2 protein chains.
Amino acid sequence: MPKLRNTKEKIIEAAIDLIAENGYKGASVRKIAAKVGIRESAIYNHFKNKEDILKSIFSEIFSTPFEMKDIEEKAKKGKSFLHQYAVAYKLVSFDKKMEKLFRVMMIELFQNEDLRESFLKEFHQKEIQVLSKALFIMMQEGMVRSADPMFMAQEFISALFYIRIMVSLLRIDSKPTAPIATHFEKHVDFFWESISV
Amino acid sequence: MPKLRNTKEKIIEAAIDLIAENGYKGASVRKIAAKVGIRESAIYNHFKNKEDILKSIFSEIFSTPFEMKDIEEKAKKGKSFLHQYAVAYKLVSFDKKMEKLFRVMMIELFQNEDLRESFLKEFHQKEIQVLSKALFIMMQEGMVRSADPMFMAQEFISALFYIRIMVSLLRIDSKPTAPIATHFEKHVDFFWESISV
DNA sequence: ATGATAAATTAACGTCTGTTCATATACAAT
DNA sequence: ATTGTATATGAACAGACGTTAATTTATCAT
């Protein structure tokens, strides 16, 4: 009865929902199956075991890397590059699907070694590299004060990461995020005033 | 057989260890009891149920608030105040016990509403207030450029928080933290150069 | 020494867990 | 129409879960 070819995707989606709320151990195979509308044994037609579902979710987390094209060109615009970066970051922070994946990541990051590996090496490192590359160019152009670009990139991104965590925490309980939502742009202003010469 | 009056504390300690590694749901009453060296039923002589243990751990997390005395006086020293704050933050980040509690917090923050409440209202808010108070004084003294002290405090603390997370992630897998450990102090230098007039 | 109390044990309960198996059903290709 | 394949079902498993009860053991105060 392969009526729906997307049963596998529905399983992943249901698992993301449940893990984002109760963690990996709180998302039982039966609960996932119930959410999809099938019995638990049917899950094993699509995944060899429960951990296999988690692996799929992990790869989905890192499937949308924070890539940017024409960095050299955009970096020369200085502040507007940082603004563009922060706004993209903000959009991701408020995207429903990405928000859930972020929660899954934050919960499992401290419990799963494979996820930590991927996060530190693939994901985080790349974000820093893109940013430091841009900052290096800005320094060469004389727009930004001279410093270690890698360190400066971390200084810039740490605030974004922090705001994203706060937004995530507030939205779980449906609390207003209006005050902190503006911080993404305010951070760019503050940071640019800090580094521009 | 009340040989050891600190059985209750041993239970909490064992629970912290296990939750820091596998989360609340991954720390079963049996595993906690085994780690203490007693049977699972003995746990219930000290705690009414499993959640009661978690509550105790939560209150321990927030029992060491980031308080500071004589803020007015210390704030007038400008950079050295921020340095002092960052070093204290660094010490806490590398303290074995505090490190475990931090992991417990990060894991459960996204799964437990009560913890979120305490974190946002009691803990985090107070940290920001202390810092913004000091920054406000620095502004009055003409040491720091004029801006919203609350926002500036968040800008300062976000980097510390971020470094602490990275340190925590690295240390779980016994990876070297030497490179990032210096960031605490480097952040103070960078930040002071950003805000001092 | 004795009794009260605190803290441990053993055993059991009902429920949930991940996973497997044999079987039934639906669809695609012939 | 028939066959093959993919996907679903229902039943069952062994083990782990949180919790309770009855009982035994140890310590403290008298």
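Naming: A, B, ... by sequence-line order, numbering from 1 per chain. What you see is a predicted model; the values in this text were computed from it and never measured.
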C:dA6 phosphate, OP1 or OP2, under 4.0 Å from B:His46 side-chain N/O: no

Check whether any side-chain N or O of A:Ser28 sits under 4.0 Å from OP1 or OP2 of C:dC16, and answer yes or no. no

How would you label the contact of A:Arg39 with the nucleic acid (heavy atoms, under 4.0 Å): base, sugar-phosphate, or nothing? sugar-phosphate

Would you mind reading off the distance between [X] atom [atom1] and [N] atom [atom2], rounded to a whole angstrom?
X	N	atom1	atom2	answer
B:Ile11	C:dA8	CD1	P	7 Å
A:Ile38	C:dA24	CD1	C1'	16 Å
A:Ile53	C:dG18	CD1	C1'	11 Å
A:Asn6	D:dA8	CG	P	10 Å
B:Lys8	C:dA7	NZ	P	10 Å

Using a distance-only criterion (donor-acceptor N/O pair, under 3.5 Å, no hydrogens), is the base of C:dA6 paired with the side chain of B:Asn45? no

Would a distance-only check, ignoring hydrogens and angles, find a side-chain to backbone donor-acceptor pair under 3.5 Å from A:Lys10 to A:Gly37? no

Please work out which of the three classes, parallel, tilted or perpendicular, describes the rings of A:Phe184 and A:Phe94, given edges at 30° and 60°. perpendicular

Kindly write out the residues that satisfy side chain to side chain donor-acceptor pair (under 3.5 Å) with A:Lys97, not counting sequence neighbours, or none if the list is empty. A:Glu60

Output all residues satisfying side chain to side chain donor-acceptor pair (under 3.5 Å) with B:Lys175, sequence neighbours left out; order by chain, then residue number. A:Glu117

Listed pairs under 3.5 Å, donor-acceptor, residues 71-83 of chain B side chains, sequence neighbours left out:
{"from": "B:Lys74", "atom 1": "NZ", "to": "B:Lys69", "atom 2": "O", "distance (Å)": "3.4"}
{"from": "B:Lys79", "atom 1": "NZ", "to": "B:Asp189", "atom 2": "OD1", "distance (Å)": "2.9"}

Side chains of A:Val104 and A:Tyr24: does their closest heavy-atom pair fall under 4.5 Å? no

May I ask you to list the residues of residues 16-26 of chain B, by number, that have any heavy atom positioned under 4.0 Å from an atom of DNA chain C? none

Kindly indicate whether a cation-pi arrangement holds for A:Arg145 with B:Phe190, taking the cut-offs as under 6.0 Å to the six-membered ring centre and within 45° of the axis. yes

When B:Phe156, B:Phe161, B:Tyr162 are each screened for ring-ring contact (aromatic ring centres under 6.0 Å, His included) with B:His187, the one that passes is B:Phe156

Apply side chain to side chain contact (heavy atoms under 4.5 Å, CB included) to A:Gln129 and list each qualifying residue two or more places apart in sequence or on a separate chain. A:Gln125

Protein N or O to nucleotides 19-22 of chain D N or O, pairs below 3.5 Å:
{"from": "D:dT19", "atom 1": "OP2", "to": "B:Tyr44", "atom 2": "OH", "distance (Å)": "3.0"}
{"from": "D:dT19", "atom 1": "OP2", "to": "B:Lys50", "atom 2": "N", "distance (Å)": "2.9"}

